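For reference, the structure is listed below as structure tokens.
Just so you know, residue 1 is the first one in the sequence shown, and it goes up from there. Computed from a prediction, not measured in an experiment: that's the story for all the values here.
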Amino acid sequence: MRIRAVRKPEIPAILNEESLWDNEFIVGTKHRLIAHYNNPKASDDDIALLIAYIDDKPAGYMGIYIDQVHFGDRVEKIGWLSTWWLHHS
């Protein structure tokens, strides 16, 4: 198994990657990835999507939506799991 971490700047390329969208199993929706890309709280080094591959085929994914929590004057960056799935085969 291989895990691929997709950072915010890589999202436009992922949207056009046929191997992810021309399958029985797709990695979420393009609309969700566009929302992750347009998230003003996400930085270029933030991971937006994790894709698991088995035999070089997508087998699962986890989407991470970047946000902030405020503790008084301290701000911490967090990631919400916005979507996750494991293909049945």
Is there a path of hydrophobic side-chain contacts, each under 4.5 Å between heavy atoms of I/L/V/M/F/W/Y residues, joining [Y] to [X]?
| X | Y | value |
| --- | --- | --- |
| Ile66 | Leu81 | yes |
| Tyr53 | Leu86 | no |
| Trp80 | Phe71 | yes |

Test: Asp46 and Lys8 ion pair at under 4.0 Å: no
Any donor-acceptor pair under 3.5 Å from Arg32 side chain to Gly63 backbone: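 Answer holds: no.
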Any donor-acceptor N/O pair, Trp84 side chain to Ile64 backbone, under 3.5 Å: no
[atom1]-[atom2] distance between [X] and [Y], expressed to the nearest 0.5 angstrom:
| X | Y | atom1 | atom2 | result |
| --- | --- | --- | --- | --- |
| Tyr65 | Ile78 | OH | CD1 | 11.5 Å |
| Ile14 | Arg4 | CD1 | CZ | 3.5 Å |
| Ile47 | Ile3 | CD1 | CD1 | 11.0 Å |
| Leu15 | Glu10 | CG | CD | 12.0 Å |

Counting only heavy atoms not in [X], do more than 12 fall under 6.0 Å of its [atom1]?
| X | atom1 | answer |
| --- | --- | --- |
| Asp22 | CG | no |
| Gln68 | CD | yes |
| His70 | NE2 | yes |
| Asp56 | CG | no |
| Lys77 | NZ | yes |

Minimum heavy-atom distance between Pro9 and Asp44, given as atom pair plus value: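 Answer, listing the atom of Pro9 first, then Asp44: CD-O, 3.0 Å.
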Heavy-atom closest pair, residues Ile11 and Ala48: CD1-CB, 3.8 Å
Residues Leu49, His36; criterion side chain to side chain contact (heavy atoms under 4.5 Å, CB included); working and verdict: CA-CA 9 Å; Leu49 180 67; His36 285 255; over 6 Å; no
4.5 Å side-chain heavy-atom contact, Val6 and Leu33: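 Not touching, per the 4.5 Å side-chain cut-off.
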